[in-house]
Amino acid sequence: FSVENISFPKTCCKGEFRPSFVIDLLFVAPILEEIAFRGYILRICQERSQSDKLSIFFSALFFVLLHIGNVISSRFHLSYALLQLVFASIVGALFATRTLLTGSIGEAILIHIVNNISSSFLPIHRQVPVDDPFVMTSLFTSLLFYSVALFVSLRSLNAKRGHEKSE
């Protein structure tokens with residue numbers, strides 16, 4: 001087994017293997033973003049509003065706002081940056097909901113890492129190939145999975161909160 005035998009996606013590093021990009025993608029960004037948005041912002045929203053729905057909404061909103069910078073940045077193609085906003089809104093809400101359910105950001109970090117791995121196969125410097133059935137199937141499947149996971153998690157959180165109130 002050797003790194004030379006691996007074909008890396010032509011994304012941020014334009015087909016070149018850059019360990020710093022992989023480390024940032026897999027560890028730095030997910031950990032720091034989850035500490036900030038679920039460990040800090042979600043907790044503050046929860047303390048001030050006492051509302052799961054508002055806390056989830058604002059945590060996801062701030063997560064989207066962070067990613068809006070990519071729309072105006074020259075680092076990313078506009079199609080990729082806009083797609084990132086759609087995903088950020090759904091996964092941001094999912095990460096917040098899972099954090100409220102588990103009481104920990106650990107699960108959100110793991111899901112964030114998986115999301116970053118899957119998105120690393122999209123081109124970020126050129127138009128996302130919406131005419132490619134593989135790309136569109138992958139994107140649709142991911143959105144569907146995250147949406148269902150969010151729906152199920154919200155139901156579980158509502159059931160958990162209802163059970164806690166009845167005790």
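The basis for the numbers below is simple: all heavy atoms, side chains too, and nothing from hydrogens, waters or symmetry mates.
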*Is there a path from Y40 to L54 through hydrophobic residues (I, L, V, M, F, W, Y) whose side chains come within less than 4.5 Å of each other?*
yes
*Is there a donor-acceptor contact under 3.5 Å from the side chain of Q50 to the main chain of E47?*
yes
*If you take all heavy atoms of V64 and A88, which pair is closest and at what distance?*
CG2-C, 3.8 Å
*So do L94 and I90 actually touch side chain to side chain, heavy atoms under 4.5 Å?*
no
*Which heavy atom of S51 sits nearest a heavy atom of S55, and at what distance?*
O-OG, 2.7 Å
*Does V86 share a hydrophobic cluster with M136, counting links as ILVMFWY side-chain heavy atoms below 4.5 Å and allowing steps through other members?*
yes
*asked:* Starting from F140, can I reach V128 by hopping between I/L/V/M/F/W/Y residues whose side chains sit under 4.5 Å apart?
replied: no
*More than 12 heavy atoms of other residues, nucleotides or ligands under 6.0 Å from NZ of K53: is that the case?*
no
*Distance in Å, L157 CG paired with D52 CG, rounded so as to fall on 0.5 Å steps*: 4.5 Å
*Could you give me the CA-CA distance, side-chain angles and deciding distance for E107 and E34, then say whether side-chain contact (heavy atoms from CB on, under 4.5 Å) is met?*
CA-CA 10 Å; E107 188 178 301; E34 292 313 311; over 6 Å; no
*Taking S118 for the side chain and N115 for the main chain, is one N or O donor matched with an acceptor at less than 3.5 Å?*
yes
_Within the 4.5 Å heavy-atom criterion, are V135 and V130 side-chain neighbours or not?_
no
*For atom CZ of R161, is the number of surrounding heavy atoms from other residues, nucleotides or ligands below 6.0 Å larger than 12?*
yes
*Can you tell me how far the OH atom of Y146 sits from the CD1 atom of I111, to the nearest 0.5 Å?*
7.5 Å
*Which heavy atom in E33 sits nearest to a heavy atom in L66, and how many Å separate them?*
OE2-CD2, 3.7 Å
*asked:* Is it the case that the side chain of H125 and the backbone of H77 share a donor-acceptor pair, with hydrogens and angles ignored and the cut-off at 3.5 Å?
replied: no
_Short side-chain to backbone donor-acceptor contact, S73 and G69, under 3.5 Å_ = no
*Do F151 and L101 share a hydrophobic cluster (ILVMFWY, side-chain heavy atoms under 4.5 Å, transitive)?*
no
*Drop me the distance from F87's CZ to S142's OG, to the nearest 0.5 angstrom.*
5.0 Å
*Check against side-chain contact (heavy atoms from CB on, under 4.5 Å), L26 and N116*: CA-CA 7 Å; L26 294 181; N116 284 7; 5.6 Å; no
*Give, for atom CG of L143 and atom CG of L83, the distance between the pair rounded to the nearest 0.5 Å.*
7.0 Å
*Derivation of the side-chain contact (heavy atoms from CB on, under 4.5 Å) call for L65 and F62*: CA-CA 5 Å; L65 291 175; F62 286 120; 3.9 Å; yes
*Derivation of the side-chain contact (heavy atoms from CB on, under 4.5 Å) call for L25 and I113*: CA-CA 7 Å; L25 179 78; I113 290 169; over 6 Å; no
*Quick one: does S153's side chain have a donor or acceptor within less than 3.5 Å of a partner on L150's backbone?*
no
_Test: R38 cationic atom under 6.0 Å from F63 six-membered ring centre, within 45° of axis_ = yes
*If two hydrophobic side chains count as joined below 4.5 Å and joins carry through other members, does L61 share a cluster with V71?*
yes
_Measuring from atom SG of C45 to atom CZ of F37, what distance do you get when rounded to the nearest 0.5 angstrom?_
11.0 Å
*What is the ring orientation for Y80 with F76, classed by angle as parallel under 30°, tilted 30 to 60°, or perpendicular over 60°?*
parallel
*Between CD1 on residue I31 and CD1 on residue I109, distance to nearest 0.5 Å*: 5.5 Å
*asked:* Checking the side chain of S59 only, and the main-chain atoms of I56 only, is there a donor and an acceptor separated by less than 3.5 Å?
replied: no
*Looking only at heavy atoms, what is the nearest atom pair of A108 and T99, with distance?*
CB-OG1, 3.7 Å
*What class does the angle between the rings of F95 and H112 fall in, given that below 30° is parallel, 30 to 60° is tilted and above 60° is perpendicular?*
parallel
